[in-house]
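Shown next, in C-alpha coordinates, is the structure this report addresses.
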Amino acid sequence: MKVLRDSWLMFKSQFNVSRRNPVWLFIGMFQPICYLLLFAPLLKNLVGMPGFPRGGAYNIFTPGLMVMMAIFGVGFAGFGIIGRLRSGFIERMRVTPVSRLAMILGTLGVDICLFLVQLVLLVGVGLLLGFRPDPGGLALLALLLILSGMAMACFSYALALLFKDESGLAASINLVVLPLLLLSGTMLPLSFAPETLRNIAKANPFAYAVDASRALVAGNPGDSSVVKAFVILGVLAIITTFWATRSMRQAAM
Amino acid sequence: MDTLSQLPATTVATNGAVPQPQKGKALIKTQGLTRTFKSRKGTVEAVRGVDLEVRQGEIFGFLGPNGAGKTTTMRILTTLMPASGGTATVCGFDLRRDLGKVRRQIGYVSQSGGAEPAETGRENLLLQGRIYGMNSKEARQRAAELIARLDMDAFADRLVKTYSGGQKRRLDVALGIMHRPELLFLDEPTTGLDPQSRARIWDEVRALHAQGMTIFLTTHYMDEADGLCNRLAIIDHGQIVSQGSPETLKQEIAGDIISLGLDTQSDAVARVTGQLRDRPFVREIQPTAEGLQLYVSQGETVLPEVLRTLDADHIAIRTVTLARPTLDDVFLRRTGRSLRESNGNA
(Lines give C-alpha, C1' and ligand atoms only; values in the text may rest on other atoms or scores of the structure.)
Protein backbone atom coordinates (compact mmCIF):
# COMPACT_ATOMS: atom_id res chain seq x y z
CA MET A 1 0.00 0.00 0.00
CA LYS A 2 1.33 3.38 -1.02
CA VAL A 3 0.84 5.09 2.35
CA LEU A 4 2.75 2.33 4.15
CA ARG A 5 5.55 2.28 1.58
CA ASP A 6 5.88 6.06 1.63
CA SER A 7 5.74 6.11 5.44
CA TRP A 8 8.60 3.63 5.59
CA LEU A 9 10.67 5.76 3.18
CA MET A 10 10.00 8.90 5.20
CA PHE A 11 10.75 7.01 8.40
CA LYS A 12 14.16 5.93 7.13
CA SER A 13 15.04 9.46 6.08
CA GLN A 14 13.94 10.97 9.40
CA PHE A 15 15.70 8.18 11.26
CA ASN A 16 18.99 9.11 9.55
CA VAL A 17 18.51 12.68 10.70
CA SER A 18 17.76 11.76 14.33
CA ARG A 19 20.48 9.11 14.47
CA ARG A 20 23.03 11.73 13.48
CA ASN A 21 21.88 14.13 16.16
CA PRO A 22 21.27 11.93 19.23
CA VAL A 23 21.59 14.86 21.62
CA TRP A 24 17.78 15.21 21.55
CA LEU A 25 17.40 11.79 23.06
CA PHE A 26 19.27 12.94 26.14
CA ILE A 27 17.77 16.41 26.33
CA GLY A 28 14.36 14.72 26.48
CA MET A 29 15.61 12.36 29.20
CA PHE A 30 17.18 14.97 31.41
CA GLN A 31 14.04 16.42 32.95
CA PRO A 32 12.27 13.20 33.97
CA ILE A 33 15.45 11.72 35.41
CA CYS A 34 15.96 14.89 37.45
CA TYR A 35 12.45 14.58 38.82
CA LEU A 36 12.97 10.94 39.61
CA LEU A 37 16.22 11.56 41.47
CA LEU A 38 15.57 14.96 43.01
CA PHE A 39 11.81 15.20 43.49
CA ALA A 40 10.43 11.69 44.07
CA PRO A 41 12.28 11.32 47.41
CA LEU A 42 10.24 14.28 48.70
CA LEU A 43 7.08 12.28 48.11
CA LYS A 44 8.18 9.45 50.35
CA ASN A 45 7.03 11.35 53.42
CA LEU A 46 3.59 11.87 51.89
CA VAL A 47 2.89 8.16 51.49
CA GLY A 48 0.16 7.20 53.87
CA MET A 49 -1.23 10.72 54.20
CA PRO A 50 -4.97 11.03 53.69
CA GLY A 51 -5.69 11.54 49.98
CA PHE A 52 -2.42 10.00 48.75
CA PRO A 53 -3.09 7.02 46.48
CA ARG A 54 -2.13 3.60 47.75
CA GLY A 55 1.22 2.27 46.61
CA GLY A 56 4.84 3.30 47.08
CA ALA A 57 6.11 6.76 46.16
CA TYR A 58 7.91 5.45 43.05
CA ASN A 59 4.88 3.44 41.92
CA ILE A 60 2.84 6.64 42.07
CA PHE A 61 5.41 9.02 40.67
CA THR A 62 7.13 7.03 37.88
CA PRO A 63 3.99 6.46 35.77
CA GLY A 64 3.25 10.17 36.06
CA LEU A 65 6.73 10.96 34.83
CA MET A 66 6.17 8.70 31.85
CA VAL A 67 3.11 10.73 30.90
CA MET A 68 5.12 13.86 31.53
CA MET A 69 7.65 12.64 28.98
CA ALA A 70 4.84 12.24 26.49
CA ILE A 71 3.78 15.83 27.10
CA PHE A 72 7.12 17.58 27.45
CA GLY A 73 9.59 15.53 25.47
CA VAL A 74 7.36 14.69 22.53
CA GLY A 75 5.71 18.12 22.64
CA PHE A 76 8.80 19.64 21.11
CA ALA A 77 8.89 17.16 18.24
CA GLY A 78 7.68 19.94 15.95
CA PHE A 79 11.17 21.44 15.92
CA GLY A 80 12.19 18.73 13.48
CA ILE A 81 9.43 19.88 11.14
CA ILE A 82 10.66 23.49 11.39
CA GLY A 83 14.14 22.36 10.39
CA ARG A 84 12.74 20.58 7.37
CA LEU A 85 10.60 23.57 6.42
CA ARG A 86 13.71 25.75 6.60
CA SER A 87 15.83 23.51 4.45
CA GLY A 88 13.08 23.36 1.83
CA PHE A 89 12.81 19.59 2.27
CA ILE A 90 9.06 19.70 2.93
CA GLU A 91 8.45 21.90 -0.08
CA ARG A 92 10.47 19.54 -2.25
CA MET A 93 8.39 16.62 -0.99
CA ARG A 94 5.15 18.49 -1.61
CA VAL A 95 5.96 18.70 -5.33
CA THR A 96 6.33 14.91 -5.44
CA PRO A 97 3.41 12.46 -5.33
CA VAL A 98 4.45 11.28 -1.84
CA SER A 99 1.50 10.71 0.49
CA ARG A 100 1.05 13.63 2.90
CA LEU A 101 -0.18 11.27 5.60
CA ALA A 102 3.05 9.31 5.13
CA MET A 103 5.10 12.47 5.60
CA ILE A 104 3.49 12.78 9.05
CA LEU A 105 3.54 9.06 9.90
CA GLY A 106 7.21 8.61 8.93
CA THR A 107 8.33 11.43 11.19
CA LEU A 108 5.92 10.32 13.90
CA GLY A 109 7.38 6.82 13.79
CA VAL A 110 10.85 8.12 14.56
CA ASP A 111 9.66 10.44 17.32
CA ILE A 112 7.69 7.59 18.93
CA CYS A 113 10.74 5.31 18.74
CA LEU A 114 12.84 7.97 20.47
CA PHE A 115 10.13 8.30 23.09
CA LEU A 116 10.08 4.55 23.70
CA VAL A 117 13.86 4.46 24.16
CA GLN A 118 13.51 7.26 26.72
CA LEU A 119 10.73 5.35 28.48
CA VAL A 120 12.87 2.23 28.73
CA LEU A 121 15.72 4.24 30.24
CA LEU A 122 13.34 5.93 32.68
CA VAL A 123 11.82 2.63 33.78
CA GLY A 124 15.36 1.24 34.21
CA VAL A 125 16.33 4.07 36.54
CA GLY A 126 12.98 3.75 38.32
CA LEU A 127 13.51 0.02 38.95
CA LEU A 128 16.86 0.76 40.58
CA LEU A 129 15.16 3.20 42.93
CA GLY A 130 12.23 1.02 43.95
CA PHE A 131 9.64 1.21 41.14
CA ARG A 132 7.77 -2.13 41.12
CA PRO A 133 5.24 -2.18 38.27
CA ASP A 134 2.87 -4.96 37.30
CA PRO A 135 4.46 -6.41 34.09
CA GLY A 136 1.22 -6.82 32.12
CA GLY A 137 0.05 -3.41 33.23
CA LEU A 138 3.34 -1.91 32.14
CA ALA A 139 2.91 -3.37 28.64
CA LEU A 140 -0.58 -1.88 28.34
CA LEU A 141 0.77 1.38 29.70
CA ALA A 142 3.34 1.45 26.88
CA LEU A 143 0.43 1.32 24.40
CA LEU A 144 -1.39 4.11 26.17
CA LEU A 145 1.78 6.18 26.20
CA ILE A 146 2.26 5.64 22.45
CA LEU A 147 -1.23 7.07 21.89
CA SER A 148 -0.41 10.00 24.19
CA GLY A 149 2.88 10.59 22.39
CA MET A 150 1.15 10.46 18.99
CA ALA A 151 -1.40 13.04 20.05
CA MET A 152 1.24 15.36 21.48
CA ALA A 153 3.66 14.95 18.54
CA CYS A 154 0.99 15.60 15.92
CA PHE A 155 -0.25 18.59 17.87
CA SER A 156 3.31 19.88 17.85
CA TYR A 157 3.72 19.19 14.09
CA ALA A 158 0.53 21.05 13.31
CA LEU A 159 1.66 24.05 15.35
CA ALA A 160 5.08 23.91 13.65
CA LEU A 161 3.43 23.96 10.22
CA LEU A 162 1.22 26.82 11.37
CA PHE A 163 3.92 29.06 12.87
CA LYS A 164 6.83 27.94 10.67
CA ASP A 165 9.45 29.29 13.06
CA GLU A 166 11.06 28.13 16.27
CA SER A 167 10.03 31.02 18.47
CA GLY A 168 6.34 30.76 17.57
CA LEU A 169 6.36 27.03 18.16
CA ALA A 170 8.28 27.25 21.45
CA ALA A 171 5.98 29.96 22.80
CA SER A 172 2.76 28.18 21.84
CA ILE A 173 3.91 24.77 23.05
CA ASN A 174 5.06 26.19 26.38
CA LEU A 175 1.73 27.94 26.76
CA VAL A 176 -0.09 24.63 26.41
CA VAL A 177 2.33 22.20 27.99
CA LEU A 178 2.72 23.67 31.46
CA PRO A 179 -1.00 23.78 32.36
CA LEU A 180 -1.42 20.31 30.83
CA LEU A 181 1.33 19.04 33.07
CA LEU A 182 0.27 20.77 36.28
CA LEU A 183 -3.34 19.72 35.82
CA SER A 184 -2.46 16.10 35.04
CA GLY A 185 -1.64 15.01 38.58
CA THR A 186 1.88 14.04 37.61
CA MET A 187 3.68 16.03 40.28
CA LEU A 188 1.22 15.52 43.13
CA PRO A 189 -1.93 13.45 42.88
CA LEU A 190 -5.00 15.50 41.97
CA SER A 191 -6.70 13.96 44.98
CA PHE A 192 -4.85 16.66 46.93
CA ALA A 193 -6.35 19.39 44.75
CA PRO A 194 -9.29 21.65 45.66
CA GLU A 195 -12.49 20.83 43.86
CA THR A 196 -12.26 23.67 41.30
CA LEU A 197 -8.85 22.44 40.11
CA ARG A 198 -10.12 18.89 39.93
CA ASN A 199 -13.02 20.03 37.77
CA ILE A 200 -10.72 21.90 35.40
CA ALA A 201 -8.50 18.85 35.22
CA LYS A 202 -11.45 16.89 33.84
CA ALA A 203 -10.89 18.74 30.57
CA ASN A 204 -7.26 17.60 30.44
CA PRO A 205 -6.90 14.34 28.48
CA PHE A 206 -3.53 13.69 30.08
CA ALA A 207 -5.07 13.67 33.56
CA TYR A 208 -6.94 10.53 32.43
CA ALA A 209 -3.66 9.10 31.16
CA VAL A 210 -2.00 9.68 34.53
CA ASP A 211 -4.92 8.07 36.42
CA ALA A 212 -4.87 5.09 34.10
CA SER A 213 -1.09 4.78 34.25
CA ARG A 214 -1.22 4.43 38.06
CA ALA A 215 -3.98 1.86 37.82
CA LEU A 216 -2.04 -0.15 35.23
CA VAL A 217 1.19 -0.08 37.21
CA ALA A 218 -0.73 -1.25 40.28
CA GLY A 219 -2.07 -4.19 38.25
CA ASN A 220 -5.68 -3.03 37.84
CA PRO A 221 -6.22 -3.07 34.06
CA GLY A 222 -9.95 -3.39 34.62
CA ASP A 223 -10.15 0.00 36.33
CA SER A 224 -12.64 2.32 34.64
CA SER A 225 -9.95 4.98 34.27
CA VAL A 226 -8.05 2.67 31.88
CA VAL A 227 -10.84 2.31 29.32
CA LYS A 228 -11.61 6.02 29.56
CA ALA A 229 -7.95 6.94 28.95
CA PHE A 230 -7.59 4.60 25.96
CA VAL A 231 -10.72 5.98 24.31
CA ILE A 232 -9.90 9.65 24.97
CA LEU A 233 -6.26 9.47 23.92
CA GLY A 234 -7.00 7.18 20.98
CA VAL A 235 -9.53 9.64 19.59
CA LEU A 236 -7.17 12.52 20.28
CA ALA A 237 -4.32 10.75 18.49
CA ILE A 238 -6.49 10.23 15.40
CA ILE A 239 -7.77 13.80 15.36
CA THR A 240 -4.31 15.34 15.74
CA THR A 241 -2.86 13.05 13.05
CA PHE A 242 -5.47 14.28 10.59
CA TRP A 243 -4.92 17.86 11.66
CA ALA A 244 -1.17 17.57 11.12
CA THR A 245 -1.69 15.88 7.74
CA ARG A 246 -4.03 18.61 6.64
CA SER A 247 -1.49 21.24 7.70
CA MET A 248 1.20 19.36 5.79
CA ARG A 249 -0.97 19.41 2.68
CA GLN A 250 -1.25 23.18 2.88
CA ALA A 251 2.19 23.98 4.26
CA ALA A 252 3.81 26.83 2.43
CA MET A 253 6.89 28.64 3.57
CA MET B 1 -2.50 27.85 -39.06
CA ASP B 2 -5.82 29.61 -39.20
CA THR B 3 -7.67 26.52 -40.36
CA LEU B 4 -6.02 24.46 -37.67
CA SER B 5 -6.99 26.83 -34.91
CA GLN B 6 -10.60 26.78 -36.10
CA LEU B 7 -10.83 23.03 -35.60
CA PRO B 8 -12.44 21.93 -32.36
CA ALA B 9 -9.68 21.30 -29.88
CA THR B 10 -10.85 17.76 -29.18
CA THR B 11 -10.39 16.76 -32.82
CA VAL B 12 -6.78 17.83 -32.75
CA ALA B 13 -6.11 16.07 -29.51
CA THR B 14 -7.78 12.74 -30.18
CA ASN B 15 -7.49 12.22 -33.93
CA GLY B 16 -4.15 10.59 -34.62
CA ALA B 17 -4.37 11.50 -38.32
CA VAL B 18 -3.90 15.20 -37.63
CA PRO B 19 -0.16 15.88 -37.82
CA GLN B 20 1.38 17.36 -34.71
CA PRO B 21 2.64 20.89 -35.25
CA GLN B 22 6.41 21.03 -35.56
CA LYS B 23 6.75 23.27 -32.53
CA GLY B 24 5.72 20.52 -30.11
CA LYS B 25 2.72 20.31 -27.84
CA ALA B 26 2.11 22.86 -25.11
CA LEU B 27 3.38 21.56 -21.76
CA ILE B 28 2.26 24.63 -19.88
CA LYS B 29 -0.76 26.62 -20.83
CA THR B 30 -2.29 29.22 -18.56
CA GLN B 31 -5.12 31.64 -19.12
CA GLY B 32 -5.85 34.59 -16.90
CA LEU B 33 -3.94 33.08 -13.99
CA THR B 34 -4.29 35.18 -10.84
CA ARG B 35 -3.21 34.87 -7.25
CA THR B 36 -4.09 37.20 -4.44
CA PHE B 37 -2.79 37.10 -0.89
CA LYS B 38 -4.72 38.41 2.04
CA SER B 39 -2.69 40.30 4.58
CA ARG B 40 -3.54 42.58 7.44
CA LYS B 41 -3.13 45.59 5.17
CA GLY B 42 -5.58 44.20 2.62
CA THR B 43 -5.26 42.01 -0.43
CA VAL B 44 -2.11 41.88 -2.52
CA GLU B 45 -2.40 40.82 -6.14
CA ALA B 46 0.84 38.95 -6.75
CA VAL B 47 -0.19 37.51 -10.12
CA ARG B 48 -2.67 39.47 -12.21
CA GLY B 49 -3.85 37.58 -15.27
CA VAL B 50 -0.88 35.65 -16.64
CA ASP B 51 -1.24 33.94 -20.03
CA LEU B 52 1.64 31.62 -20.80
CA GLU B 53 2.38 28.91 -23.28
CA VAL B 54 5.47 26.75 -22.98
CA ARG B 55 5.95 24.12 -25.68
CA GLN B 56 7.75 20.83 -25.53
CA GLY B 57 11.48 21.15 -26.11
CA GLU B 58 11.84 24.74 -25.03
CA ILE B 59 14.02 26.38 -22.43
CA PHE B 60 11.54 28.97 -21.33
CA GLY B 61 12.76 31.86 -19.22
CA PHE B 62 10.59 33.83 -16.86
CA LEU B 63 12.35 37.14 -16.36
CA GLY B 64 11.45 39.86 -13.93
CA PRO B 65 12.62 41.81 -10.90
CA ASN B 66 12.24 40.44 -7.38
CA GLY B 67 8.63 40.55 -6.28
CA ALA B 68 7.26 40.64 -9.83
CA GLY B 69 5.31 37.42 -9.39
CA LYS B 70 7.78 34.93 -10.89
CA THR B 71 8.04 32.65 -7.91
CA THR B 72 4.31 32.80 -7.16
CA THR B 73 3.51 31.77 -10.73
CA MET B 74 6.01 28.95 -10.50
CA ARG B 75 4.58 27.80 -7.17
CA ILE B 76 1.13 27.61 -8.77
CA LEU B 77 2.46 25.64 -11.74
CA THR B 78 4.33 23.20 -9.50
CA THR B 79 1.17 22.43 -7.43
CA LEU B 80 2.49 24.11 -4.29
CA MET B 81 -0.23 26.73 -4.25
CA PRO B 82 -3.69 26.98 -5.78
CA ALA B 83 -4.41 29.84 -8.16
CA SER B 84 -7.06 32.35 -7.13
CA GLY B 85 -8.42 32.51 -10.66
CA GLY B 86 -7.82 31.49 -14.25
CA THR B 87 -7.00 28.10 -15.71
CA ALA B 88 -3.78 26.20 -16.15
CA THR B 89 -2.76 22.87 -17.61
CA VAL B 90 0.66 21.35 -17.01
CA CYS B 91 1.79 18.38 -19.12
CA GLY B 92 -1.77 18.12 -20.37
CA PHE B 93 -3.38 17.85 -16.94
CA ASP B 94 -5.62 20.39 -15.30
CA LEU B 95 -4.00 21.93 -12.24
CA ARG B 96 -7.26 22.00 -10.32
CA ARG B 97 -8.33 18.42 -10.93
CA ASP B 98 -5.25 16.31 -11.60
CA LEU B 99 -2.64 17.44 -9.10
CA GLY B 100 -1.33 13.90 -8.67
CA LYS B 101 -0.80 13.39 -12.40
CA VAL B 102 0.93 16.74 -12.77
CA ARG B 103 3.26 15.86 -9.87
CA ARG B 104 4.37 12.65 -11.56
CA GLN B 105 5.41 14.49 -14.73
CA ILE B 106 7.30 17.45 -13.35
CA GLY B 107 10.56 18.05 -11.53
CA TYR B 108 11.16 21.12 -9.40
CA VAL B 109 14.31 22.73 -8.08
CA SER B 110 13.42 25.51 -5.67
CA GLN B 111 15.74 28.35 -4.68
CA SER B 112 16.54 26.64 -1.40
CA GLY B 113 16.91 23.27 -3.11
CA GLY B 114 15.43 21.21 -0.35
CA ALA B 115 18.03 18.48 0.16
CA GLU B 116 18.06 17.12 3.72
CA PRO B 117 21.26 18.55 5.25
CA ALA B 118 21.68 15.68 7.73
CA GLU B 119 21.72 13.05 4.99
CA THR B 120 24.27 12.39 2.27
CA GLY B 121 23.70 13.42 -1.32
CA ARG B 122 23.23 9.79 -2.29
CA GLU B 123 20.68 9.16 0.48
CA ASN B 124 18.72 12.18 -0.71
CA LEU B 125 18.76 10.88 -4.28
CA LEU B 126 17.66 7.39 -3.23
CA LEU B 127 14.70 8.77 -1.28
CA GLN B 128 13.69 10.92 -4.24
CA GLY B 129 13.82 7.96 -6.61
CA ARG B 130 11.87 5.67 -4.31
CA ILE B 131 9.17 8.27 -3.79
CA TYR B 132 8.54 8.26 -7.53
CA GLY B 133 8.05 4.51 -7.39
CA MET B 134 11.49 3.14 -8.29
CA ASN B 135 12.55 -0.02 -6.46
CA SER B 136 15.78 0.22 -4.54
CA LYS B 137 17.90 -1.29 -7.32
CA GLU B 138 16.57 1.15 -9.91
CA ALA B 139 17.04 4.04 -7.51
CA ARG B 140 20.64 3.01 -6.77
CA GLN B 141 21.46 2.75 -10.47
CA ARG B 142 19.89 6.06 -11.33
CA ALA B 143 21.59 7.78 -8.38
CA ALA B 144 24.98 6.40 -9.44
CA GLU B 145 24.34 7.55 -13.00
CA LEU B 146 23.53 11.10 -11.91
CA ILE B 147 26.43 11.23 -9.45
CA ALA B 148 28.82 10.31 -12.27
CA ARG B 149 27.22 12.64 -14.77
CA LEU B 150 27.23 15.67 -12.48
CA ASP B 151 30.73 14.91 -11.17
CA MET B 152 29.57 14.40 -7.62
CA ASP B 153 31.65 11.31 -6.79
CA ALA B 154 33.94 13.24 -4.49
CA PHE B 155 31.16 14.35 -2.17
CA ALA B 156 28.08 12.21 -2.84
CA ASP B 157 28.60 10.23 0.35
CA ARG B 158 29.26 13.21 2.59
CA LEU B 159 26.49 14.91 4.55
CA VAL B 160 24.82 17.67 2.54
CA LYS B 161 25.44 20.24 5.28
CA THR B 162 29.16 20.10 4.43
CA TYR B 163 28.61 21.00 0.74
CA SER B 164 29.70 24.24 -0.92
CA GLY B 165 27.06 26.32 -2.70
CA GLY B 166 28.00 24.95 -6.10
CA GLN B 167 28.05 21.32 -4.91
CA LYS B 168 24.66 21.73 -3.28
CA ARG B 169 23.19 23.22 -6.44
CA ARG B 170 24.40 20.24 -8.47
CA LEU B 171 22.71 17.91 -6.01
CA ASP B 172 19.52 20.01 -6.18
CA VAL B 173 19.46 19.66 -9.97
CA ALA B 174 20.13 15.93 -9.69
CA LEU B 175 17.20 15.61 -7.26
CA GLY B 176 14.96 17.49 -9.68
CA ILE B 177 15.75 15.14 -12.59
CA MET B 178 16.07 11.88 -10.63
CA HIS B 179 12.77 10.56 -11.99
CA ARG B 180 13.36 11.81 -15.56
CA PRO B 181 10.55 14.37 -15.57
CA GLU B 182 9.05 15.59 -18.80
CA LEU B 183 9.16 19.17 -17.57
CA LEU B 184 11.69 20.66 -15.18
CA PHE B 185 11.10 23.83 -13.17
CA LEU B 186 14.15 25.75 -11.97
CA ASP B 187 13.57 28.67 -9.62
CA GLU B 188 16.48 31.11 -9.96
CA PRO B 189 18.93 28.28 -10.53
CA THR B 190 22.11 30.36 -10.43
CA THR B 191 21.31 33.04 -7.86
CA GLY B 192 24.18 33.39 -5.42
CA LEU B 193 26.56 31.11 -7.31
CA ASP B 194 30.12 31.96 -8.33
CA PRO B 195 30.74 32.36 -12.10
CA GLN B 196 32.19 28.86 -12.50
CA SER B 197 29.26 27.17 -10.79
CA ARG B 198 26.87 29.27 -12.86
CA ALA B 199 28.52 28.17 -16.09
CA ARG B 200 28.35 24.59 -14.89
CA ILE B 201 24.59 24.81 -14.20
CA TRP B 202 24.04 26.43 -17.60
CA ASP B 203 25.91 23.59 -19.29
CA GLU B 204 23.80 21.08 -17.43
CA VAL B 205 20.57 22.85 -18.42
CA ARG B 206 21.68 22.82 -22.05
CA ALA B 207 22.56 19.14 -21.82
CA LEU B 208 19.15 18.29 -20.37
CA HIS B 209 17.52 20.31 -23.12
CA ALA B 210 19.56 18.47 -25.74
CA GLN B 211 18.15 15.21 -24.32
CA GLY B 212 14.65 16.46 -24.89
CA MET B 213 13.67 17.82 -21.49
CA THR B 214 11.54 20.94 -21.43
CA ILE B 215 12.78 23.52 -18.96
CA PHE B 216 10.97 26.40 -17.31
CA LEU B 217 13.25 28.69 -15.34
CA THR B 218 12.88 31.96 -13.53
CA THR B 219 15.69 34.43 -13.38
CA HIS B 220 16.43 38.05 -12.76
CA TYR B 221 19.68 37.87 -14.68
CA MET B 222 19.40 39.20 -18.21
CA ASP B 223 22.44 37.36 -19.49
CA GLU B 224 20.93 34.12 -18.23
CA ALA B 225 17.64 34.76 -19.99
CA ASP B 226 19.44 35.89 -23.14
CA GLY B 227 22.08 33.20 -23.35
CA LEU B 228 20.17 30.18 -22.13
CA CYS B 229 16.53 30.49 -23.15
CA ASN B 230 14.80 29.88 -26.48
CA ARG B 231 11.84 31.87 -25.43
CA LEU B 232 10.96 34.09 -22.54
CA ALA B 233 8.29 36.10 -20.87
CA ILE B 234 8.99 39.31 -18.99
CA ILE B 235 6.83 39.80 -15.93
CA ASP B 236 6.38 42.95 -13.90
CA HIS B 237 3.85 43.72 -11.18
CA GLY B 238 2.19 40.36 -11.75
CA GLN B 239 1.58 40.81 -15.44
CA ILE B 240 3.38 39.62 -18.55
CA VAL B 241 4.69 42.69 -20.33
CA SER B 242 6.35 40.88 -23.23
CA GLN B 243 6.73 37.34 -24.52
CA GLY B 244 8.82 35.84 -27.33
CA SER B 245 12.32 34.69 -28.25
CA PRO B 246 15.15 36.89 -26.93
CA GLU B 247 15.83 38.01 -30.52
CA THR B 248 12.21 38.94 -31.21
CA LEU B 249 12.00 40.86 -27.97
CA LYS B 250 15.15 42.77 -28.74
CA GLN B 251 13.88 43.56 -32.22
CA GLU B 252 10.95 45.32 -30.59
CA ILE B 253 13.53 47.86 -29.56
CA ALA B 254 13.65 49.28 -33.06
CA GLY B 255 17.08 48.18 -34.18
CA ASP B 256 20.14 49.65 -32.47
CA ILE B 257 20.93 52.28 -29.94
CA ILE B 258 23.29 55.19 -30.59
CA SER B 259 24.28 56.94 -27.38
CA LEU B 260 25.64 60.46 -27.81
CA GLY B 261 27.56 62.23 -25.08
CA LEU B 262 26.81 65.94 -25.37
CA ASP B 263 27.35 69.13 -23.44
CA THR B 264 24.11 69.02 -21.51
CA GLN B 265 24.59 72.58 -20.20
CA SER B 266 24.32 74.04 -23.71
CA ASP B 267 21.46 73.83 -26.17
CA ALA B 268 23.14 70.85 -27.86
CA VAL B 269 20.47 68.37 -26.77
CA ALA B 270 17.67 70.47 -28.18
CA ARG B 271 19.55 71.11 -31.40
CA VAL B 272 20.35 67.46 -32.01
CA THR B 273 16.75 66.54 -31.34
CA GLY B 274 15.64 69.23 -33.80
CA GLN B 275 18.05 68.02 -36.45
CA LEU B 276 17.31 64.32 -36.23
CA ARG B 277 13.69 64.09 -35.10
CA ASP B 278 12.25 63.86 -38.58
CA ARG B 279 14.84 61.60 -40.15
CA PRO B 280 13.23 58.37 -41.41
CA PHE B 281 15.74 56.06 -39.67
CA VAL B 282 15.20 57.54 -36.21
CA ARG B 283 12.49 55.67 -34.32
CA GLU B 284 12.80 57.35 -30.97
CA ILE B 285 14.96 59.85 -29.11
CA GLN B 286 15.36 59.68 -25.36
CA PRO B 287 17.38 62.14 -23.28
CA THR B 288 19.82 60.61 -20.79
CA ALA B 289 22.07 62.02 -18.08
CA GLU B 290 25.01 62.27 -20.50
CA GLY B 291 23.16 63.39 -23.62
CA LEU B 292 20.83 61.44 -25.84
CA GLN B 293 19.93 57.94 -26.92
CA LEU B 294 18.78 57.43 -30.49
CA TYR B 295 16.84 54.27 -31.28
CA VAL B 296 17.62 53.67 -34.97
CA SER B 297 17.36 50.92 -37.53
CA GLN B 298 20.66 49.62 -38.94
CA GLY B 299 22.94 51.55 -36.64
CA GLU B 300 26.18 50.85 -38.52
CA THR B 301 24.85 52.43 -41.73
CA VAL B 302 23.24 55.48 -40.22
CA LEU B 303 25.94 56.36 -37.68
CA PRO B 304 28.18 58.20 -40.22
CA GLU B 305 25.19 60.17 -41.44
CA VAL B 306 24.27 61.17 -37.89
CA LEU B 307 27.80 62.34 -37.23
CA ARG B 308 27.99 64.28 -40.52
CA THR B 309 24.70 66.04 -39.84
CA LEU B 310 25.72 67.11 -36.35
CA ASP B 311 29.19 68.14 -37.49
CA ALA B 312 27.68 70.35 -40.21
CA ASP B 313 25.66 72.08 -37.50
CA HIS B 314 28.83 72.52 -35.35
CA ILE B 315 27.44 70.51 -32.46
CA ALA B 316 30.24 69.19 -30.24
CA ILE B 317 29.99 65.48 -29.61
CA ARG B 318 31.96 64.15 -26.64
CA THR B 319 31.38 60.44 -26.98
CA VAL B 320 29.59 58.08 -29.31
CA THR B 321 28.64 54.46 -28.71
CA LEU B 322 26.64 52.11 -30.87
CA ALA B 323 25.04 49.19 -29.09
CA ARG B 324 22.71 46.35 -29.83
CA PRO B 325 19.70 46.40 -27.53
CA THR B 326 19.83 44.16 -24.49
CA LEU B 327 16.93 42.60 -22.64
CA ASP B 328 17.38 45.35 -20.10
CA ASP B 329 16.47 47.84 -22.82
CA VAL B 330 13.37 45.75 -23.51
CA PHE B 331 12.51 45.82 -19.86
CA LEU B 332 13.17 49.56 -19.63
CA ARG B 333 11.01 50.25 -22.60
CA ARG B 334 8.14 48.08 -21.34
CA THR B 335 8.11 49.12 -17.72
CA GLY B 336 9.87 52.48 -17.66
CA ARG B 337 12.41 51.08 -15.20
CA SER B 338 15.71 49.33 -15.53
CA LEU B 339 15.74 45.72 -14.39
CA ARG B 340 19.02 46.36 -12.57
CA GLU B 341 17.51 49.25 -10.62
CA SER B 342 14.39 47.24 -9.83
CA ASN B 343 16.45 44.43 -8.37
CA GLY B 344 18.58 46.87 -6.44
CA ASN B 345 15.54 48.37 -4.78
CA ALA B 346 13.92 45.08 -3.93
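Only this structure's heavy atoms are used, side chains among them; waters, hydrogens and symmetry mates stay out. All of these numbers come straight from a predicted model, not from anything done at the bench. Convention: sequence-line order gives letters A, B, ...; per-chain numbering from 1.
With sequence neighbours excluded, no residue forms a ring pair (Phe, Tyr, Trp, His ring centres under 6.0 Å) with B:Trp202.
Note that the CE atom of B:Met81 and the CD atom of A:Gln250 stand 12.0 Å from one another [nearest 0.5 Å]. A:Arg94 CZ to B:Thr78 OG1: the interatomic distance, rounded to the nearest 0.5 Å, is 9.0 Å. How far CG of B:Leu175 is from CZ of A:Arg92: 4.5 Å, rounded to the nearest 0.5 Å. Atom CD1 of B:Ile131 and atom CZ of A:Arg5 lie 9.0 Å apart (nearest 0.5 Å).
When each of B:Ala115, B:Pro82, B:Ser110 is scored by its heavy-atom pairs under 4.5 Å with chain A, the top score falls to B:Ala115.
Applying the salt bridge (charged side-chain N to carboxylate O under 4.0 Å, His left out) test to residues at least two apart or on different chains, the pairs with a partner in residues 103-120 of chain B are A:Arg84-B:Glu116.
Counting non-hydrogen atoms of neighbouring residues, nucleotides and ligands closer than 6.0 angstrom, the CD atom of B:Gln31 reaches no more than 12 such neighbours. The number of heavy atoms from other shown groups lying within 6.0 Å of CZ (A:Phe15) does not exceed 12. Summarising the local packing, CZ of B:Phe37 is surrounded by more than 12 heavy atoms from other residues, nucleotides or ligands at distances under 6.0 Å.
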Inset, instruction - Might you work through the salt bridge (charged side-chain N to carboxylate O under 4.0 Å, His left out) test for A:Lys12 and B:Glu123, ending with a clear yes or no? - result: CA-CA 10 Å; A:Lys12 282 196 294 185; B:Glu123 284 167 342; over 6 Å; no
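Using a 4.5 Å cut-off between heavy atoms, B:Leu99 makes no contact with chain A at all. When heavy atoms are compared at a cutoff of 4.5 Å, B:Leu126 does not approach chain A at all.
Of all heavy-atom pairs spanning A:Val95 and B:Tyr108, the tightest one is CG2-CD2, 3.2 Å.
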